[in-house]
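Accompanying notes for the structure given below.
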2 protein chains.
Amino acid sequence: MDDKISFKEIKACPIQFVLAVNDTLNVINGKWKLPIIGSLLFKKRRFTEIQRNIPKITPRMLSKELKDLEMNGMVKRTVYDTIPISVEYELTDSAKSLSDVLDKMLEWGLQHREAVLSGS
Amino acid sequence: MDDKISFKEIKACPIQFVLAVNDTLNVINGKWKLPIIGSLLFKKRRFTEIQRNIPKITPRMLSKELKDLEMNGMVKRTVYDTIPISVEYELTDSAKSLSDVLDKMLEWGLQHREAVLSGS
DNA sequence: ATTGTTACTATACTAAAGGATATCGATATA
DNA sequence: TATATCGATATCCTTTAGTATAGTAACAAT
């Protein structure tokens with residue numbers, strides 16, 4: 001019952017390709033996902049700590065986006081029974097491995113900017 | 001006057017990092033950019049050809065997104081004085097080189113899906 | 001008793017993205 | 001003369017994303 005489609009097969013079909021890339025994009029889309037991931041890249045943090053880290057985010061958005069990231073297996077949420085209560089957020093291993101992809105995006109972005117500027 | 005910031009320096013600063021990655025994301029964001037790029041990845045195409053390639057896109061969106069991609073140095077637009085008029089769209093070299101990044105995203109997306117499914 | 005902290009939630013709103021539908025100008029074909 | 005093609009644009013409308021502001025429960029310190 002191995003109905004998995006391989007990397008090569010997906011690459012060869014533009015529609016499958018676009019769908020699969022979109023899977024990745026959907027995980028990081030929206031205005032705040034990347035800043036949140038950035039904030040958690042080097043260490044786990046608590047809610048208010050992330051908030052301080054991203055000055056303009058509202059608690060509503062932070063809460064919503066963290067839930068989203070958690071649902072998508074990007075973030076692990078741990079509640080500690082301290083007083084007052086404390087909650088820690090950390091990236092999953094899979095999320096951490098995204099930083100390689102982000103590096104590629106960064107690299108391409110810099111190159112592209114160069115190319116566009118020099119070519120105009 | 002070399003005030004360029006290097007890859008390493010950007011990577012080291014979470015805020016710069018997020019901003020630079022966002023540059024790349026902004027180039028491919030929205031519902032239709034990726035399908036359009038996908039449609040142009042292997043060959044240049046004309047307006048109606050892309051439209052047929054992406055059945056659900058409206059001409060309004062296709063026109064808008066193509067302009068956007070052109071402005072961002074992703075697409076080159078060439079008008080031919082045929083009857084009726086024909087216009088060809090093709091990816092720039094820089095845009096073509098994005099496919100390496102997209103491959104990375106695809107790869108990560110598949111891995112991540114595996115990780116999330118097996119870990120739940 | 002009042003104030004503060006943590007980690008949120010609720011309600012209401014505005015802004016941005018995208019969809020539906022009609023139309024255009026030039027020209028060809030039936 | 002009527003209809004079709006190409007490459008769009010115009011107008012209006014809906015849906016989604018994000019903002020603003022206030023409030024909550026549980027407790028602790030002053």
Side-chain angles (χ1 to χ4, degrees), chain A residues 18-19 21-40 43-72 74-91, chain B residues 18-19 21-40 43-72 74-91:
Chain A
V18 165
L19 287 177
V21 173
N22 250 317
D23 271 5
T24 300
L25 285 174
N26 287 336
V27 161
I28 57 175
N29 86 350
K31 185 173 178 180
W32 300 112
K33 297 262 168 60
L34 218 50
I36 293 169
I37 292 169
S39 165
L40 297 176
K43 55 177 291 218
K44 52 177 84 165
R45 289 183 197 275
R46 294 170 59 185
F47 192 90
T48 33
E49 212 177 339
I50 306 173
Q51 233 187 127
R52 276 192 295 270
N53 225 261
I54 309 171
K56 289 179 186 168
I57 198 168
T58 61
R60 170 166 137 63
M61 287 312 284
L62 181 53
S63 170
K64 186 183 160 299
E65 299 295 65
L66 282 170
K67 261 181 204 159
D68 232 81
L69 288 166
E70 199 191 349
M71 267 197 2
N72 285 319
M74 293 291 285
V75 158
K76 193 183 157 224
R77 179 177 183 269
T78 315
V79 183
Y80 294 97
D81 224 4
T82 56
I83 288 164
I85 191 180
S86 57
V87 181
E88 266 186 357
Y89 295 91
E90 63 187 306
L91 295 184
Chain B
V18 165
L19 287 177
V21 173
N22 250 317
D23 272 5
T24 300
L25 285 174
N26 287 336
V27 161
I28 57 175
N29 85 352
K31 185 172 177 181
W32 301 112
K33 297 263 168 59
L34 218 51
I36 292 169
I37 292 169
S39 166
L40 297 175
K43 56 177 292 216
K44 53 177 83 165
R45 288 182 197 275
R46 296 169 58 185
F47 192 90
T48 32
E49 212 177 338
I50 306 173
Q51 234 189 127
R52 277 192 293 271
N53 225 260
I54 308 171
K56 289 179 187 170
I57 198 168
T58 61
R60 168 168 135 66
M61 287 313 285
L62 181 53
S63 171
K64 186 183 162 296
E65 298 297 66
L66 281 170
K67 262 183 202 157
D68 232 82
L69 288 166
E70 198 191 351
M71 268 198 2
N72 285 318
M74 293 290 287
V75 157
K76 194 184 157 224
R77 179 176 183 270
T78 315
V79 182
Y80 295 97
D81 224 6
T82 55
I83 288 164
I85 193 180
S86 57
V87 180
E88 265 187 358
Y89 294 92
E90 62 186 306
L91 295 185

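No experiment lies behind these values; they were computed from the predicted model shown. Chain identifiers are assigned alphabetically (A, B, ...) following the order of the sequence lines, protein sequences preceding nucleic acid strands; residue numbering begins at 1 within each chain.
- For the helix from C:dA1-D:dT30 to C:dA30-D:dT1, the axis fitted to the five pairs at one end and the axis fitted to the five pairs at the other end meet at an angle of 30° (nearest 10 degrees).
- The shortest heavy-atom contact between A:Leu62 and A:Phe47 is CD2-O, 3.6 Å.
- Residue A:Leu62 contributes atom CG, which lies 15 Å from atom P of D:dA20 at whole-angstrom precision.
- With sequence neighbours left out, A:Lys56 forms a side-chain hydrogen bond (donor to acceptor under 3.5 Å, both in side chains) with no residue at all.
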Using a cut-off of 4.0 Å between protein heavy atoms and nucleotide atoms, how would you tag nucleotides 21-30 of chain D 5' to 3' with B, S and -? ------SS--

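- Among the atoms of the strands shown, only primed sugar atoms or phosphate atoms (P, OP1, OP2) are found under 4.0 Å from some heavy atom of A:Lys67.
- Here chain A contacts DNA chain C (any atom closer than 4.0 Å to a heavy atom, that is under 4.0 Å), and the contacts span C:dT6 to C:dA12 from 5' to 3'.
- The side chain to side chain contact (heavy atoms under 4.5 Å, CB included) test applied to B:Lys76 returns B:Thr78, B:Glu90, not counting sequence neighbours.
- In this structure, CG of B:Asn29 is placed 11 Å from P of D:dG18, rounded to the nearest angstrom.
- Not counting sequence neighbours, the partners of B:Ser86 by the side-chain hydrogen bond (donor to acceptor under 3.5 Å, both in side chains) test are B:Thr82.
- In terms of heavy atoms, A:Gly38 sits closest to B:Val18 at CA-CG2, 4.3 Å.
- Atoms NZ (A:Lys56) and P (D:dT19) sit 10 Å apart, rounded to a whole Å.
- A:Tyr80 comes within 4.0 angstrom of nothing in the nucleic acid, heavy atoms only.
- For B:Ser63, there are no side-chain hydrogen bond (donor to acceptor under 3.5 Å, both in side chains) partners at least two apart in sequence or on another chain.
- For B:Asp23, the side chain to side chain contact (heavy atoms under 4.5 Å, CB included) partners two or more places apart in sequence, or in a different chain, are A:Arg113.
- Sorted by first and then second residue, the salt bridge (charged side-chain N to carboxylate O under 4.0 Å, His left out) pairs with a member in residues 78-87 of chain A form an empty list; sequence neighbours excluded.
- Looking at residues two or more places apart in sequence or on another chain, you find a side chain to side chain contact (heavy atoms under 4.5 Å, CB included) between A:Glu70 and A:Arg77.
- Phosphate proximity of D:dT19 to A:Lys31: present, with a side-chain N or O under 4.0 Å from OP1 or OP2.
- The list of salt bridge (charged side-chain N to carboxylate O under 4.0 Å, His left out) pairs with a residue in residues 60-69 of chain A, not counting sequence neighbours, reads A:Lys33-A:Glu65, A:Lys33-A:Asp68.
- Here A:Thr82 lies out of heavy-atom contact (under 4.0 Å) with every strand.
- Qualifying side chain to side chain contact (heavy atoms under 4.5 Å, CB included) partners for B:Asn53, counting only residues two or more places apart in sequence or in other chains: B:Ser39, B:Arg45.
- In this structure, B:Leu66 atom CG and D:dT9 atom C1' are separated by 14 Å, rounded to whole Å.
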